There are 2 protein chains.
Amino acid sequence: MKDGPNIARIAALLGESARADALTALMTDRALTATELAAIAGVTKQTMSAHLSKLLQASLIAVDQQGRHRYFRLADEDVAGLLESLMGVAFRTGSLRLLSSPREPALRKARVCYDHLAGELGVLAYESLVRHNLLAMSQQGLRLSPAGEEWFRRAGIDTETAHRERRSFCRACMDWSERRYHLAGSLGAALLSRVHELGWARKEKASRVIRFTSVGDREFRRLIASA
Amino acid sequence: MKDGPNIARIAALLGESARADALTALMTDRALTATELAAIAGVTKQTMSAHLSKLLQASLIAVDQQGRHRYFRLADEDVAGLLESLMGVAFRTGSLRLLSSPREPALRKARVCYDHLAGELGVLAYESLVRHNLLAMSQQGLRLSPAGEEWFRRAGIDTETAHRERRSFCRACMDWSERRYHLAGSLGAALLSRVHELGWARKEKASRVIRFTSVGDREFRRLIASA
DNA sequence: TTCATTGTTCGACGTTAGACGAACCATTAC
DNA sequence: GTAATGGTTCGTCTAACGTCGAACAATGAA
């Protein structure tokens, strides 16, 4: 049975903690530079550079050059799917790593995932919307109910514009720190951008952390409780 | 971001050729002994024994003791899914090993993937349905057209029951041996079960191979050509 | 221009882990 | 009983690979 896809080669690339850390980070952040990835994985940039070139050669990641920066991202959805599958098995078999890093708590509380809100607050919002039937799972995926449209309107979010965007309107995105869902899609992006607009929070530079002000935290929780 | 499922640990276990060979063999044959696996992977039995105990400890495989024999098998469907996913990516990125083994052809022609038909015949069916607009990709994923409903009805498959199942009705699943799609979801499962019902094929014991009779092969091809 | 920053290449070092021989235990066959 | 087979454990060897320091190229900012 020495035939078929060479899974060992691909798996070996994922089976090294620095590379796995980098890929996991790329699941959340769409594009990161080599130095950022090096910091995340806790290795020097030379080391990360070597890892990235291996991942590139195997077409697991792709790169966009912008001036002196090179933004790395996952090659395609299949790779993301593979990582999800891997996380699923790792989770089921109880293979967790419970090491926390100093920045963890903030990251855990609220962070940006692509362009929407993830972490505790993101999950809280999503679950509140679902509990009050403003969002509902249908056969076609997640749907916003008429009452939900109204709630977003009252929150000052124009769902019409979000509807017109070409990408998916609203979908549930698995939150790795919480292992529950949060709101993604253009609707999720609109919600986060409204939060910024109201001055409730701002994104930390060169990080995925979203730092809520104390007022912002209170107001955001009040808003989602009003669902 | 050193938190969450430890994917590197699992991936590292799959990223070694002897272990990968063993797991791949277990995808096809449900239960094999340590010595058989050692022969397949081309290592001594002590070596395979060490590998198997690592895989056992990580709950990627399970074992059934029978006298002095120990029959190893994949732990669950998630592990099989992970391996398929891995094969898919390995194929897409052109990571192949081109040594053939005698039993491959049957597996390539028709096999069970979860509960639906994969391999040449699975891909053939899927592509024929798509070509005749019985299946169509929509924004929401794969959809069965009214003409498609009719075709399945004529084939003796009750799409209503399949619709009512909680899981997804029809979706495209990447076929690792063909590198193209085949039909999955409750509709795919219904098609395969109809094939068994008509006596066109039967699943080989302790393997993923689906063995078509010569009549069954002809009739199945005729059926999908009638789309 | 000068300087800081991003990212790569090269070489050397050290750890890891896979490989096998040999010895061992357990089960079944004769 | 003895012999044969399936499987594991132990110790040792070796090759592979991740790691970093240092040096270098390219880009952009002051």
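No experiment lies behind these values; they were computed from the predicted model shown. Letters A, B, ... mirror the listed sequences (proteins, then strands); counts begin at 1.
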Checking only heavy atoms, does the side chain of A/Q46 share a donor-acceptor pair with the base of C/dG7 at less than 3.5 Å? no
Closest approach to the side chain of B/E16, judged atom by atom: which nucleotide of D/dT8, C/dG7, C/dA19 is it? C/dA19
So, OP1 or OP2 of D/dG18: does either fall under 4.0 Å of a side-chain N or O from A/R19? yes
Qualifying residue, where the test is side-chain contact (heavy atoms from CB on, under 4.5 Å) with B/F72 and the options are B/T33, B/L52, B/L32: B/L52
A/L14 CG to D/dG18 P: how many Å, rounded? 12 Å
Is the ring pair B/W200/B/F220 parallel, tilted or perpendicular, if the boundaries are 30 and 60 degrees? perpendicular
Counting only side-chain N and O atoms of B/T35, is one of them less than 4.0 Å from OP1 or OP2 of D/dG6? no
Is the count of non-hydrogen atoms from other residues, nucleotides or ligands lying under 6.0 Å from A/E197 atom CD greater than 12? yes
Write down the distance between NZ (B/K45) and C1' (C/dA26), rounded to a whole number of angstrom. 12 Å
Mind calculating the distance between CG (B/L32) and C1' (D/dG6) to the nearest angstrom? 15 Å
Atom CG of A/L56 to atom C1' of C/dT8: distance rounded to whole Å? 13 Å
At under 4.0 Å, does any side-chain N or O of A/K54 touch on OP1 or OP2 of D/dG18? yes
Using 4.0 Å as the upper bound for N to carboxylate O, is an ion pair formed by A/R73 and A/D64? yes
N or O in side chain of A/H51 less than 4.0 angstrom from D/dT19 OP1/OP2: yes
Please classify the nucleic acid contact of A/S53 as base, sugar-phosphate, or nothing, using heavy-atom distances under 4.0 Å. nothing
Does D/dA26 have OP1 or OP2 under 4.0 Å away from a side-chain N or O of A/R70? no
With ring centroids as reference points, do B/Y126 and B/H182 lie under 6.0 angstrom apart? no
Using a heavy-atom cut-off of 4.0 Å across all strands, would you classify B/T47 as base, sugar-phosphate, or nothing? base
Rounded off to whole Å, could you give me the CE-to-P distance for the A/M48 and C/dG7 pair? 12 Å
